[in-house]
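Note that this is a predicted model, so its numbers are computed, not measured. Here is the naming used below: chain letters follow the sequence lines, and residue numbers restart at 1 for every chain.
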Amino acid sequence: MKHSKDHEQQPYNAQSIETKWQKKWAESNIDDACDDISDQRETYYCLEMFPYPSGNLHMGHVRNYCLGDAIARYKRMQGFNVLHPIGWDAFGLPAENAAIEHQRPPAEWTYANIDQMRGQLKRLGLSYDWSREITTCKPEYYRWEQWLFIKLIEKGLAYQKEAEVNWCNPCHTVLANEQVEDGACWRCKTPVVKKNLKQWFIKITDYAEQLLDDLEQLSTSKGGAWPDKVIGMQRHWIGKSSGVEISFNIEHSDEVLDIFTTRPDTLMGVSYMAVAAAHPLAIQAAQNNTELAFFLKECATISTKEADIATMEKKGMALGVNAIHPITGETVPVWVANFVLMAYGTGAVMSVPAHDERDFEFAKQYNLNIKQVITNRTGDANVDNAAFTDTGILIHSAAFNDLDSEQAKQTITAWLAERGKGKERIQYRLRDWLISRQRYWGAPIPVIHCADCGAVAVPEKDLPVVLPEDLQPTGGSSPLAECEAFLNVDCPQCGRAAQREADTFDTFMESSWYMNRYMSAHCDTAMVDTNAMQRWAPVDQYIGGVEHAVLHLLYARFYHKLMRDVGLFDGDKVGHEPFKNLLTQGMVLLDGTKMSKSRGNTVDPNTIITLYGCDTARLFTLFAAPPEKDLEWEESGVEGAHRFLNRVWRLFEKLNIDIANEDDEKSVKDLRRITHMTIEKVSRAFEHGFAFNVAIAAQMELTNALQAFEMTGTAGKAAFIEGLQALVKMLAPFVPHFACECGERLGFDQAAVIMSWPTVDEAALLQDEIALVVQIQGKKRAEIMVPKDVDQNTALALAKEDPSVCKWLQGMQVVKVILVKGRLLNIVVRPA
RNA sequence: GCCGGGAUGGCGGAACUGGUAGACGCAAGGGACUUAAAAUCCCUCGAAAGCAAUUUCGUGCGGGUUCGACUCCCGCUCCCGGCACCA
């Protein structure tokens, strides 16, 4: 036992403590994951979404990494072999913009930012395995992405096609569908323009069904732990719908108009057809019709210029062509309509105004026929003022009358199928991933364009196609497109002069597989090492902002499956999904709005660290709100967190108290109970839900109890030390530097503090006597002390001795008694 | 419109599978220590009534189930996030 002199009080000095421990940790590589197969510990992979090196860490980063670090540290203390890596999502547009502004190549800016931000991360004392640091703009990283891409070309999963694509003028590049939000660029918020361009795509649609099916195993109902919100968003994005493709012949022509519908039961109600402006039938009709040609042109621009597409007026024009109804043989006019999307289904629809709101509106506007063919059970549904969109019973449908919608769908589909005029079809909203970008600061697409051989994949032996890092963007098109040294190359097939593809990959390509690369970060013989994958994958806990719910999280799931299917690993051994559990953290707000540079309402993490230390900053971000909720930054709250650490610090003064007297057995027992209850509560927070705000509150309660504890004898002192030790260890995932320093004052080495989690002594939780709440008619009327395993009759008898209970029982007859063990006794009475 | 999530003191938020509503912290008020300030410590802190013990009301609104409802069910209101002419 140490003597009082050793515990003389030094004030808590965050700066010197943090510097001291960060140095020690770095020296001991204590945070590195162990790849040694002899290591028997169970593995745990904790990952936070890696940062884009924008220049400085912001509070959102701090929150993200503190959450992850708490989990990683807890798991280490629980005896897991933890992989907790970090890296840099280093390609991207801001680097080019900065390059233009500063007249320096983007590489310089990027690497300088990485150095700056690495320093900031280290200042936060985050327990990363720095030996696995990844920088995605380095050839040693992106070469494998290029490698995978040529494999995908071989498998027919990557292809080039001319298509209508989303173009962002300020960013001077095309965008994937996922990167268009409200008709505008996800990055610069400028409305996108439609353009027809030849671009590279990856067939994510081939994986639609898998991506949808595997969402099931991620949902909480199936033992996974992805938020319902994210699962719902992905499900909706994939947008599966089952229906029928129906062929309509065109009058006086050999042409066939194919449409997709989910409501074949309404087929008899078709009164016109509508095709997209880009539909071949429309284009053909426009050849001899200038008015129509003008309208088609207008549609192409309007649909993209209008910010609010939803409220856009429905417009259309008759093509002057008729379609023949496959059942009745009647003719219906074909229209072009601005609400029909070329990219969905077949780019054409059968219009049933009586049973579709959109068709109804269009029909009213252009005075088209409205024919009701479905009614409700009572038969009184009408379509006078609005479409009747429910399913129901068929009417005015000849042979199909009186069938209900479900039967009609089957019967009509079968009828069509027999005659070769229709077939069941599954349609997805998801479209192929457009991965070409007309940007410089990205990974080159490994393709060579040859006049004779066409687009030829760069042979594997010639990889990587290295991006020249010294080019200077000027603001217009990519400097890569003008870099002769890069572009001119011999065709790998015929050997004649050819040109490299000047487009680069969408930067979401890099972030789609980095989680798998960390497992074998420096492997130079393969994209990933299969053994490492089997050891570590999947990520046990992924933490990041919800803004990536569809973008990154969908692409990464897809990429994982691609990597599996090119044979990099066995999905049954490694897992078919990359992220087992997902925690989506809320934003950091200041005065109710998101902290952002553009709003100028940021709080610099550095300032806070300098003022209070990183432990205080860490503690506050975890305590102020539950992880998934938004967190309001409050300086007074930060001070409160700092005060708490000081309070713990001062608990050590109590070690100097003389203990010459007898113990008060009850208070010793109570203290031990609080200690072990706290261990239970804090452990529970880590095991499910990550309610660190509650866990920290529990630690504050323990601190209060320790502070209030009157230590008189040796048992008391032992209980106090036990509580203090447990507290220090439980603080370690949150405020590691502080905890290590406190641990040292208790005589622990660092491993004892950051490698062992306290265990609950069940015996300490037991109480001989408990406070039992006595309710009359469900209302609390008294609290009595009873033996812990009291039975109902004894409890009732004891309750009746209590004067305030007596008062309420006066003149009453006991009807029923309910005892909830360990909690309460409810007496139901009625007037006698 | 559709999907998801919410609504609890002055504020952020607690409340295990239905069982003491408001833990913990912030803010506020009062007091102690101090020449003073800071720091620290103690007390009060949902509303109403009362000197008090105590009582009544109280978890967005209206119903219901139950001995007992912040929690479950039915019907709403409002807020936040996502998607949105998807055939």
Separation of atom [atom1] in [X] from atom [atom2] in [N], rounded to whole Å:
X	N	atom1	atom2	answer
A/E628	B/G13	CD	P	10 Å
A/K779	B/G68	NZ	P	12 Å
A/E361	B/G1	CD	C1'	13 Å
A/Q707	B/C24	CD	C1'	14 Å

- Query: Is the NZ or CZ atom of A/R425 both under 6.0 Å from the centre of the six-membered ring of A/F260 and within 45° of that ring's axis?
  - Reply: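 Yes, cation above the ring, under 6.0 Å and within 45°.
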- Message: Check for me whether the distance between the ring centres of A/F362 and A/Y366 falls short of 6.0 Å.
- Response: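 Ring centroids of A/F362 and A/Y366 are less than 6.0 Å from each other.
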- Item | N-O pairing of A/R673 and A/E680 below 4.0 Å |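 Salt bridge absent between A/R673 and A/E680.
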Heavy atoms from C-beta onward define the side chain here; which of [options] lies closest to that of [X]?
X	options	answer
A/R823	B/A14, B/C67, B/U20	B/U20
A/E701	B/G19, B/A23, B/C86	B/A23
A/W237	B/C83, B/G25, B/A87	B/C83
A/M700	B/G19, B/C41, B/G25	B/G25
A/D228	B/G4, B/C85, B/A87	B/G4
A/F623	B/C86, B/C26, B/G12	B/G12
A/V773	B/G25, B/U20, B/A15	B/U20
A/R429	B/U20, B/C83, B/C41	B/C83
A/L341	B/C86, B/G19, B/A84	B/C86
A/E783	B/G19, B/U20, B/C26	B/U20

Does a nitrogen or oxygen in the side chain of [X] sit under 4.0 Å from OP1 or OP2 of [N]?
X	N	value
A/R358	B/C86	yes
A/R643	B/C26	yes
A/R781	B/G68	no
A/K229	B/G81	no
A/N693	B/G25	no
A/R650	B/C41	yes
A/N826	B/U66	no
A/Q234	B/G82	no
A/K629	B/A14	no
A/S241	B/A87	yes

Contact class for [X] vs. all strands (heavy atom < 4.0 Å): base, sugar-phosphate, or nothing?
X	result
A/D359	nothing
A/V349	base
A/W808	sugar-phosphate
A/Q775	base
A/G239	nothing
A/V817	nothing

So which nucleotide does [N] pair with, by the Watson-Crick or G-U wobble rule with both distances under 3.5 Å?
N	answer
B/U35	none
B/C57	B/G46
B/C24	B/G12
B/G81	B/C3
B/C67	B/G19

- Find which nucleotide of RNA chain B each of A/A698 and A/A348 is nearest to by heavy atoms, and output the residue with the more 5' nucleotide.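 With A/A698 and A/A348 compared, the 5'-side residue is A/A698.
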- Is there a donor N/O on one and an acceptor N/O on the other, under 3.5 Å, for the side chain of A/K314 and the base of B/C85?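 Check passes, donor-acceptor contact within cut-off.
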- Report the glycosidic orientation of B/G29: syn if within 90° of 0, anti in every other case.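 Because its glycosidic torsion lies more than 90° from 0, B/G29 adopts the anti conformation.
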- Item | Exceeds 12 heavy-atom contacts within 6.0 angstrom, atom NZ of A/K821 |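 Check fails, neighbour count at 12 or below.
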- Message: Other residues, nucleotides and ligands only: do more than 12 of their heavy atoms fall within 6.0 Å of CD on A/E357?
- Response: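 Atom CD in A/E357 is not packed in, count stays at 12 or less.
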- How far apart are the C-alpha atoms of A/K409 and A/E424, what are their side-chain angles, what is the distance that settles it, and do they pass the salt bridge (charged side-chain N to carboxylate O under 4.0 Å, His left out) test? CA-CA 10 Å; A/K409 279 182 186 177; A/E424 285 187 67; over 6 Å; no
Whole-angstrom distance between [N] and [M], as gauged at atom [atom1]:
N	M	atom1	answer
B/C16	B/C86	P	42 Å
B/U65	B/G10	P	32 Å
B/C67	B/G1	P	39 Å

- Message: Does the plane of the ring in A/F248 sit parallel, tilted or perpendicular to the ring in A/H325? Use 30° and 60° as the thresholds.
- Response: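 Perpendicular: the ring planes of A/F248 and A/H325 meet at over 60°.
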- Run the numbers on A/Q813 and A/V829 for side chain to side chain contact (heavy atoms under 4.5 Å, CB included), then give the verdict. CA-CA 5 Å; A/Q813 178 191 350; A/V829 296; over 6 Å; no
